[in-house]
Amino acid sequence: YYAKERFTFGERWYYAMELVSGRSLDYHLTRPRTVSDFVHSGLPPQRPLSMVEVTGIAQQITAALEHIHAQSVVNLDVKPGNVLFRRRRLNFLRSSVPEIVLVDFGIARDPNHPRYGELGIATPEYMSPEQASEMLHKAYVHLDGRSDIFSLGVVLYEMLTGRLPFENLGQFLDPTYSLPSPGDIRRGVPKE
């Protein structure tokens, strides 16, 4: 839901969302972890997401992005921590793919109505090059749904391989850098 409200500091748009009590995709991703990470934080044991889970989650994130883009909203902070799993009441009826909710529209924009001087800060590892350029130069850049699609690609790569596609800023900025195929990192990932 969204609305426009008059506050003491002026008139602003805001988003209000349901309370989603499930964990985030970030919690379920396979990443290198130490024993103390597991013991002290309650993180799950390392288990890669199945291909059924990856494709089901990816389809849902894609549908969420299609929906918000059709409403002229760009999220600009698509990352595993902003993909929550909705808890189901009847666990015995649940499918193998959890239901997701895309959250955190704190820096979202309407590309048709630019906001000059108000640049939100997203997680650098998931930013599109255009969004990173905006942050580095502190100057407004017209961003649209393609930035979210780039971020979705980073999330998908991480779901498939258990690691981020770019290990450092140099790789991210190098136009000649080519990513290793997910199938080269994780056996069993289909080429397509």
Side-chain angles (χ1 to χ4, degrees), residues 17-33 37-38 41-105 107-108 122-132 143-167 171-172 177-192:
M17 298 183 68
E18 67 181 291
L19 173 63
V20 181
S21 58
R23 296 196 184 265
S24 71
L25 174 60
D26 190 50
Y27 177 86
H28 294 281
L29 286 177
T30 301
R31 292 198 180 104
R33 294 192 177 126
D37 286 341
F38 177 70
S41 68
L43 293 169
Q46 294 182 337
R47 178 190 66 83
L49 294 171
S50 71
M51 291 306 297
V52 170
E53 290 171 313
V54 170
T55 55
I57 292 168
Q59 288 172 342
Q60 292 179 71
I61 298 171
T62 302
L65 291 176
E66 284 177 354
H67 176 74
I68 67 169
H69 294 164
Q71 310 309 312
S72 193
V73 174
V74 183
N75 182 283
L76 298 177
D77 201 14
V78 177
K79 63 182 181 181
N82 290 341
V83 176
L84 299 183
F85 295 137
R86 183 178 276 137
R87 283 203 177 145
R88 296 191 178 115
R89 292 178 188 224
L90 303 173
N91 285 338
F92 61 90
L93 293 176
R94 67 181 182 178
S95 73
S96 58
V97 178
E99 185 180 359
I100 68 104
V101 178
L102 181 64
V103 299
D104 195 355
F105 286 76
I107 62 171
T123 306
E125 292 88 344
Y126 300 93
M127 279 186 196
S128 68
E130 297 80 14
Q131 195 174 359
L143 300 172
D144 57 29
R146 293 175 289 186
S147 286
D148 285 346
I149 293 167
F150 182 92
S151 300
L152 172 61
V154 174
V155 171
L156 292 177
Y157 191 90
E158 188 174 13
M159 281 196 299
L160 288 170
T161 65
R163 66 184 203 197
L164 290 165
F166 306 103
E167 294 177 15
Q171 288 178 344
F172 179 73
Y177 175 73
S178 67
L179 295 172
S181 168
D184 294 341
I185 297 169
R186 178 180 173 192
R187 294 176 67 199
V189 175
K191 196 171 195 170
E192 53 283 345

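Residue numbers run from 1 in the order of the sequence given. None of these values were measured; they are calculated from a predicted model.
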>> Any heavy-atom pair between the side chains of Tyr157 and Ile185 that's under 4.5 Å?
In response: yes
> How close do Arg163 and Pro180 get, heavy atom to heavy atom, and via which atoms?
Replying inline: NH2-CG, 3.9 Å
>> On a heavy-atom basis, which atom in Tyr177 and which in Leu179 lie closest, and how many Å separate them?
In response: CE2-CD2, 3.5 Å
> Are the side chain of Glu125 and the backbone of Val154 linked by a donor-acceptor contact shorter than 3.5 Å?
Replying inline: no
> If only atom types and distance count, is the side chain of Arg86 paired as donor or acceptor with the main-chain N or O of Glu99 below 3.5 Å?
Replying inline: no
>> On a heavy-atom basis, which atom in Val74 and which in His69 lie closest, and how many Å separate them?
In response: CA-CD2, 4.3 Å
> Quick check: does any side chain N or O of Ser151 sit under 3.5 Å from a backbone N or O of Tyr126, one acting as donor and the other as acceptor?
Replying inline: yes
> Which distance, rounded to the nearest 0.5 Å, do you find between the CG of Leu156 and the OG1 of Thr62?
Replying inline: 6.5 Å
>> What verdict does the side chain to side chain contact (heavy atoms under 4.5 Å, CB included) test give for Ile61 and Val83, after you've listed the backbone C-alpha separation in whole Å, the side-chain angles of each residue and the deciding distance to 0.1 Å?
In response: CA-CA 8 Å; Ile61 298 171; Val83 176; 3.9 Å; yes
>> Angle between ring planes, His28 versus Phe85, binned at 30° and 60°: parallel, tilted or perpendicular?
In response: tilted
> Where is the tightest heavy-atom contact between Asn82 and Asp77, given as atom of each residue plus distance?
Replying inline: ND2-O, 2.7 Å
>> Between Gln171 and Glu167 (side chain of the first, backbone of the second, donor and acceptor by atom type, cut-off under 3.5 Å), is there such a pair?
In response: yes
> To the nearest 0.5 Å, how far apart are CD in Gln60 and CD1 in Ile100?
Replying inline: 5.0 Å
> Heavy-atom distance under 4.5 Å between the side chains of Phe150 and Val78, does that happen here?
Replying inline: no
>> For the CE atom of Met159 and the OG1 atom of Thr55, what is their distance to the nearest 0.5 Å?
In response: 8.5 Å
> Once you round to the nearest 0.5 Å, how far does CE of Met51 lie from CZ of Arg186?
Replying inline: 6.5 Å
> Can you name the closest pair of heavy atoms from Ala122 and Met127 and give their distance?
Replying inline: O-CE, 3.3 Å
>> Has Glu130 got a side-chain atom pairing as donor or acceptor with Leu143's backbone, closer than 3.5 angstrom?
In response: no
> In Å, rounded to the nearest 0.5 Å, how long is the span from CG of Leu49 to CD1 of Ile57?
Replying inline: 5.5 Å
> Donor-acceptor pair, Asp148 side chain versus Leu76 backbone, under 3.5 Å?
Replying inline: yes
> Distance from Ser181 atom OG to Lys191 atom NZ, nearest 0.5 Å?
Replying inline: 7.5 Å
> Of all heavy-atom pairs between Ser24 and Gly81, which one has the smallest distance, and what is that distance?
Replying inline: CB-O, 3.9 Å
